[in-house]
Amino acid sequence: MTEEITPTQTDFIREIIDNDLKTGKHDRIATRFPPEPNGYLHIGHAKSVCLNFGLAAQYRGTCNLRMDDTDPAGESMEFVGSIQNDVRWLGFDWDDRLFYASDYFEKLYQFAIDLIKAGKAYVCSLSADEMREYRGTLTEPGKDSPYRGRSIEENLDLFSRMRAGEFKDGEHVLRAKIDMASPNITMRDPVIYRIKRTGHYRMADTWVIYPMYDFAHCLSDSIERITHSICTLEFENNRPLYDWFVNELIDGPKPRQIEFARLNLSYTILSKRRLIELVENKLVNGWDDPRMPTVAGMRRRGYTARAIREFCSRIGVAKKDNLVDIALLEHCVREDLNDSAPRAMAVLHPLKVVIDNYPEDRVEEMECANHPQKPEMGTRSVPFSKTIYIEKDDFMENPPRKYKRLGPGREIRLRNSYVIRFASMVKDEATGEVTELHCTYDPDTKNAAPADGRKVDGVIHWVSAAHAVPATVRLYDRLFKVADPASVEGEMTDLLNPGSLEVIVNACVEPGLGEVAAEEKYQFERIGYFCCDTKDSAPGKPVFNRIVTLRDSWAKIAGK
RNA sequence: UGGGGUGUCGUCAAGCGGUAAGACACAGGCCUUUGGAGCCUGCAUUCGGAGGUUCGAAUCCUCCCGCCCCAGCCA
């Protein structure tokens, strides 16, 4: 497992860690993955999960799972559960180190008091609007709050009364006393506590004041004795503040913040705000809708954890803004599935084929390898009879030169079965559409090459008409944006285009697929990879989701 | 016009003064019971630009340019 999840290449973070180990700054490595439980994890989070847990595994250190739940709005136990579930599914284990920032509220409160006593924090009674004005702009310095000079005693009194609930939301805040003229706006007396009467999903109404991210995060890291606190690039401006709190309040070894570039995926929405919007407006069927870029959605869609880990390993870790081609993710999924998915036959758009010289009532059981290169995956038996269905696309009346399938005068192999030769076709008189084919089979070609050495024109899949099981196949694709993700700022409807829509196909599959287990994945020969979606499946009529569809409609729509 | 980052193939990404890895994508070929697969081949005389240092620069210096982040009592 360790080798599997640990990239072999060295990135800048590993260099920092190697150096910290070499110089003796640390003798162990401790990281953490700190999501806020206000939504489901998506592929962007997966990058962070793989990085943090992967680093810990590589250095035989630890990685904590910490809920960064310092803002009660939007947080819930459902999300805590889904996050644990998804991290575990991705293949990582935090042992007994599941923590909550909310469990540190009392400690954090004491740290705030320490800061006040040191004269480094004060209660500010400016309104939000006033505070914004006092903060200055990007190019102009801010000015001191009129409350900046309050005595330590008064601050202590006010802060304890804030906690006691004596004030309304927004009436006061606690601020760090740093430098209102700092060119780094983050350092201009940042708010560290605010009054918020939204009940907390775990702490109920125990607290009415909540610490801000900048205050809580670095101190939570310190409490957990994290050595390397890895976060995304947008927190670079916050690092001086991270260090400021740690230096003011923590003795001994100090955690170090390291930033890396978050993942951007082509045609994919990875903004939590947007995803929440999609779910709340019911534009999708929940966080685990297979069209969603969430871990849960991808899982239901049939992606494997291994493929996602491989993807995260291949994209690398750097500080440059990036836009990774979704084709790489899909490649990783296909690569894993090609290796692991059992093969099965299905026909999405059936074309009836009658084998004229095959006995009327005969049924043969064809032994089919479940995997062409893995005999250990066993075989299955698939019934073959006089009337079969093949995929419409596998026949062309006037095929081009390179078409490797059936056509007039052609001979192809039915996969796992006989070689058949075209005899005649039946057309709908009105539309001219071919509705039925007649062929003849060569009895000597069952799992054997033609004796005379002639080459066939291709290999196609099939199902016996009398034995096939009806199935629902959903061809819908992942949610995606037509435009470059970085530039999409339009209405939500812009995010949903025809490629995102669900297309239901009433297909037929080989009988063995009538009852398939949860989340099983198959390669339907010549059609692609499908995952049985047990959430909507009924026994006897499975529902399959298409797994990788780079070449489907959306790609055309997107102009690829 | 403040501060913090970052610029190497279409997209990620190695490279850390000795003469541009790899992957995806793409193109061509082979194969025809892994076929939305496999195999083979091709794909940066050049590293945002211009100067400079050096026997030698993507790597060091100078200036310039582009892009991203920061003015939530969000994280």
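The basis for the numbers below is simple: all heavy atoms, side chains too, and nothing from hydrogens, waters or symmetry mates. First the proteins, then the strands, lettered A, B, ... as listed; each starts at 1.
With 3.5 Å as the limit, one finds a donor-acceptor pair spanning the side chains of A:N370 and A:R380. Looking only at atom types and distance, the side chain of A:Y529 has a donor-acceptor partner in the side chain of A:N338 under 3.5 Å away. Looking at A:H217 and A:D68, their side chains do bring a donor and an acceptor atom within 3.5 Å of each other. Looking only at atom types and distance, the side chain of A:E224 has a donor-acceptor partner in the side chain of A:N64 under 3.5 Å away.
Taking only side-chain atoms of A:L138, from C-beta outward, the nucleotide of B:C70, B:A37, B:A75 with the closest atom is B:C70. Comparing atom distances between the A:H331 side chain and each of B:C24, B:A37, B:G5 picks out B:C24 as nearest. Side-chain atoms of A:E234 lie closest to B:C69 of the nucleotides B:C69, B:U32, B:G72. If you check B:A75, B:C12, B:A25 against the side chain of A:Y213, the one that comes closest is B:A75. The nucleotide whose nearest atom lies closest to any side-chain atom of A:T186 is, among B:C70, B:A25, B:C74, B:C70.
Considering only side-chain N and O atoms, A:K319 lies nowhere under 4.0 angstrom from the phosphate OP1 or OP2 of B:G4. In terms of phosphate contacts, A:R526 brings no side-chain nitrogen or oxygen within less than 4.0 Å of OP1 or OP2 of B:U33. Phosphate contact (OP1/OP2 of B:G72, side-chain N/O of A:R135, threshold under 4.0 Å): present. Not one side-chain nitrogen or oxygen of A:R413 sits closer than 4.0 Å to the OP1 or OP2 atom of B:U32. Proximity of A:K143 to the phosphate of B:A71: no side-chain N or O atom is located under 4.0 Å from OP1 or OP2. Considering only side-chain N and O atoms, A:K196 lies nowhere under 4.0 angstrom from the phosphate OP1 or OP2 of B:C73. One finds no side-chain N or O of A:H371 lying less than 4.0 angstrom from the OP1 or OP2 phosphate oxygen of B:U34. In this structure, A:T70 reaches the B:A75 phosphate: one of its side-chain N or O atoms is under 4.0 Å from OP1 or OP2. Proximity of A:R239 to the phosphate of B:C70: no side-chain N or O atom is located under 4.0 Å from OP1 or OP2.
Within the 4.0 angstrom heavy-atom criterion, base atoms lie near A:L126. Across all strands, A:E259 comes closer than 4.0 Å to no nucleic acid atom at all (heavy-atom distances). Across all strands, A:M131 comes closer than 4.0 Å to base atoms (heavy-atom distances). Residue contacts for A:K455: at a heavy-atom cut-off of 4.0 Å it reaches the sugar-phosphate backbone alone, with no base atom in range. Nucleic acid contact for A:D68: sugar-phosphate only, since backbone atoms but no base atoms lie under 4.0 Å from a heavy atom of the residue. If you check every strand for non-hydrogen atoms under 4.0 Å, A:N338 touches a base. The residue A:V173 sits close to a base: some heavy atom pair falls under 4.0 Å. Using a 4.0 Å heavy-atom criterion, one finds that A:Y193 contacts no nucleic acid atom at all. Note on A:A318: only backbone sugar-phosphate atoms sit closer than 4.0 angstrom, heavy atoms only; bases stay farther off. If you check every strand for non-hydrogen atoms under 4.0 Å, A:E411 touches nothing. Within 4.0 Å (heavy atoms only), A:R343 reaches at least one base atom of the nucleic acid. Within 4.0 Å (heavy atoms only), A:N447 reaches at least one base atom of the nucleic acid. Nucleic acid contact for A:K168: none, since no nucleic acid atom lies under 4.0 Å from a heavy atom of the residue.
Both A:R415 and A:P183 lie near RNA chain B, and the one whose nearest nucleotide falls closer to the 5' end is A:P183. Taking the nucleotide of RNA chain B with the nearest heavy atom to each of A:D214 and A:L328, the more 5' of the two is matched to A:L328.
Comparing B:C55 with B:C9, their P atoms sit 30 Å apart, to the nearest whole Å. Going from the C1' atom of B:C67 to that of B:G51 covers 24 Å, rounded to whole Å. Rounded to whole Å, the C1' atom of B:U8 lies 14 Å from the corresponding atom of B:C16. With C1' as the reference atom, B:U33 and B:G29 are 22 Å apart, rounded to whole Å. For B:A13 and B:G48, the P atoms lie 14 Å apart once the distance is rounded to whole Å. Across the P atoms, B:A27 and B:U6 are found 36 Å apart, a figure rounded to whole Å. Comparing the same atom, P, in B:A75 and in B:G7 gives a spacing of 30 Å after rounding to whole Å. Nucleotides B:U45 and B:C30 place their P atoms 29 Å apart, quoted to the nearest Å.
Look at NE2 on A:H42: it is 12 Å from C1' on B:A75, rounded to the nearest Å. One interatomic measurement links the two molecules: CD of A:Q373 to P of B:U34, which rounds to 8 Å at whole-angstrom precision. What separates NZ of A:K404 from C1' of B:U34 is a distance of 17 Å, to the nearest Å. When rounded to the nearest whole Å, the span between CG of A:N416 and P of B:U34 equals 10 Å. Here B:G72 presents its P atom at 13 Å from CG of A:N237, a figure rounded to the nearest Å. Rounded to an integer number of Å, the gap from CG of A:N264 to P of B:A13 is 11 Å. Atom OH of A:Y267 is separated from atom P of B:U11 by 12 Å (rounded to the nearest Å). In this structure, NZ of A:K320 is placed 7 Å from P of B:C9, rounded to the nearest angstrom.
Pairing of B:A25, defined by two Watson-Crick or G-U wobble distances under 3.5 Å, is not identified with any nucleotide. Under the Watson-Crick or G-U wobble criterion, with both distances below 3.5 Å, B:G51 is paired with B:C61. Nucleotide B:C31 forms no Watson-Crick or G-U wobble pair with any nucleotide shown, as no partner meets the under 3.5 Å limit on both distances. Nucleotide B:G2 has B:C70 as its partner under the Watson-Crick or G-U criteria, with both atom distances under 3.5 Å. Remark: B:G36 base-pairs with no nucleotide; criterion is Watson-Crick or G-U wobble with both hydrogen-bond distances under 3.5 Å.
In B:G18 the O4'-C1'-N dihedral to the base is more than 90° from 0, which defines an anti nucleotide.
The two residues A:S160 and A:Y109 make their nearest non-hydrogen contact at CA-OH, 3.4 Å.
With hydrogens and angles left out, the side chain of A:E15 and the base of B:C16 share a donor-acceptor pair within 3.5 Å. No donor-acceptor contact under 3.5 Å links the side chain of A:D321 to the base of B:U6.
Of the possible donor and acceptor atoms, one in the side chain of A:R32 sits under 3.5 Å from a partner among the backbone N and O of A:I230. A:N238 places no side-chain N or O within 3.5 Å of a backbone atom of A:L241 that could act as its donor or acceptor partner. When atom types are taken as modelled, the side chain of A:R405 and the backbone of A:F395 share no donor-acceptor pair closer than 3.5 angstrom.
Ionic pairing of A:R314 and A:E335 is present here: one or more N-O contacts between side-chain nitrogen and carboxylate oxygen are shorter than 4.0 angstrom.
Between A:F524 and A:F530, the distance from one ring center to the other falls under 6.0 angstrom.
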